[in-house]
Amino acid sequence: MLRVRVGFVAVVSMFVVGCSGSSYPSSPTPGPTPAPPGTGSGSSTSISIPSGAATLGSNAFNPNPLTVSTGTTVAWMNTDSIAHTSTSDASGWNSGTLAPGQQFTFTFAAAGTFHYHCAIHPGMIGTVVVH
């Protein structure tokens with residue numbers, strides 16, 4: 001047991017000595033998405049969930065599809081009178097329940113085509129295309 005502790009202390013000591021005076025950045029790297037609008041390197045835009053969305057299918061998220069650049073923050077705004085979600089088909093994000101008047105934001109850090117739906121009303125579907 002003593003040998004492991006001595007080895008650990010030696011490794012930690014070498015790391016501390018090796019890092020002093022180095023060119024490593026002193027500030028942390030940016031956090032993962034989702035992020036609030038305006039904090040990413042890109043722009044922001046919104047998707048509305050209109051009144052009667054539960055019966056609108058592919059028109060339940062407006063606009064649909066939405067095309068944005070990498071780094072764009074998208075805000076889903078529930079303007080309906082009942083609760084909805086914005087849930088990625090591929091586990092990319094999940095807004096949780098959005099009551100009327102609530103919004104959810106997510107920043108798209110990578111390019112691709114992202115399909116999503118409302119977990120409460122699975123017929124509500126949308127797509128975000130990121131380039």
Side-chain angles (χ1 to χ4, degrees):
M1 182 73 163
L2 182 59
R3 181 178 288 171
V4 171
R5 286 186 183 173
V6 171
F8 176 76
V9 171
V11 169
V12 170
S13 297
M14 288 187 317
F15 176 78
V16 170
V17 170
C19 289
S20 62
S22 71
S23 62
Y24 288 107
S26 60
S27 60
T29 57
T33 56
T39 61
S41 61
S43 61
S44 63
T45 190
S46 63
I47 294 174
S48 68
I49 303 171
S51 181
T55 63
L56 297 177
S58 63
N59 294 316
F61 298 100
N62 187 21
N64 183 38
L66 173 67
T67 301
V68 298
S69 298
T70 302
T72 299
T73 298
V74 176
W76 283 264
M77 305 180 77
N78 185 2
T79 61
D80 199 356
S81 60
I82 61 173
H84 296 287
T85 74
S86 171
T87 306
S88 169
D89 289 358
S91 303
W93 70 90
N94 185 353
S95 67
T97 301
L98 297 174
Q102 287 187 319
Q103 73 174 13
F104 166 75
T105 60
F106 183 82
T107 301
F108 288 87
T113 299
F114 302 90
H115 301 282
Y116 64 97
H117 62 279
C118 173
I120 301 168
H121 309 100
M124 294 174 55
I125 57 171
T127 302
V128 176
V129 178
V130 183
H131 56 87

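We're numbering straight along the sequence, starting at 1.
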Given 3.5 Å as the limit, does a donor-acceptor pair link the side chain of Asn94 with the main chain of Ser88, or not? no

Atom CD in Gln103, atom OG in Ser86: separation rounded to 0.5 Å? 12.0 Å

Are His115 and Ile125 close enough that some pair of their side-chain heavy atoms sits under 4.5 Å apart? no

Can you say whether the rings of Phe108 and Trp76 are parallel (under 30°), tilted (30 to 60°) or perpendicular (over 60°)? tilted

Residues Thr97 and Gln102: closest non-hydrogen pair is O-OE1, 3.6 Å

Parallel under 30°, tilted from 30 to 60°, perpendicular over 60°: which one fits the rings of Phe104 and Phe106? parallel

Considering non-hydrogen atoms only, spot the tightest contact between Thr45 and Val68 and give its length. CG2-CG1, 3.9 Å

Approximate separation, where rounding is to 0.5 Å, of Ser95 OG and Ile49 CD1: 7.0 Å

Take Val128 and Ile47 through the test side chain to side chain contact (heavy atoms under 4.5 Å, CB included) and record every step on the way to the result. CA-CA 10 Å; Val128 176; Ile47 294 174; 4.2 Å; yes

Would a distance-only check, ignoring hydrogens and angles, find a side-chain to backbone donor-acceptor pair under 3.5 Å from Thr87 to Cys118? no

Is there a side-chain contact between Val74 and Trp93 in this structure, where contact means two heavy atoms from C-beta onward sitting under 4.5 Å apart? no

Here the pair of heavy atoms bringing His121 nearest to Ala83 is CE1-O, 3.3 Å

Closest non-hydrogen atom pair between Asp80 and Pro100, with its separation: O-CB, 3.2 Å

Using atom types as modelled, flag every donor-acceptor pair under 3.5 Å from a side chain in residues 53-63 to any protein atom, sequence neighbours excluded.
| from | atom 1 | to | atom 2 | distance (Å) |
| --- | --- | --- | --- | --- |
| Thr55 | OG1 | Gly52 | O | 3.0 |

Show the nearest heavy-atom pair for residues Ala119 and Thr85, with the distance to one decimal. N-OG1, 2.6 Å

When you compare the side chain of Val130 with that of Thr72, does any pair of heavy atoms fall below 4.5 Å? no

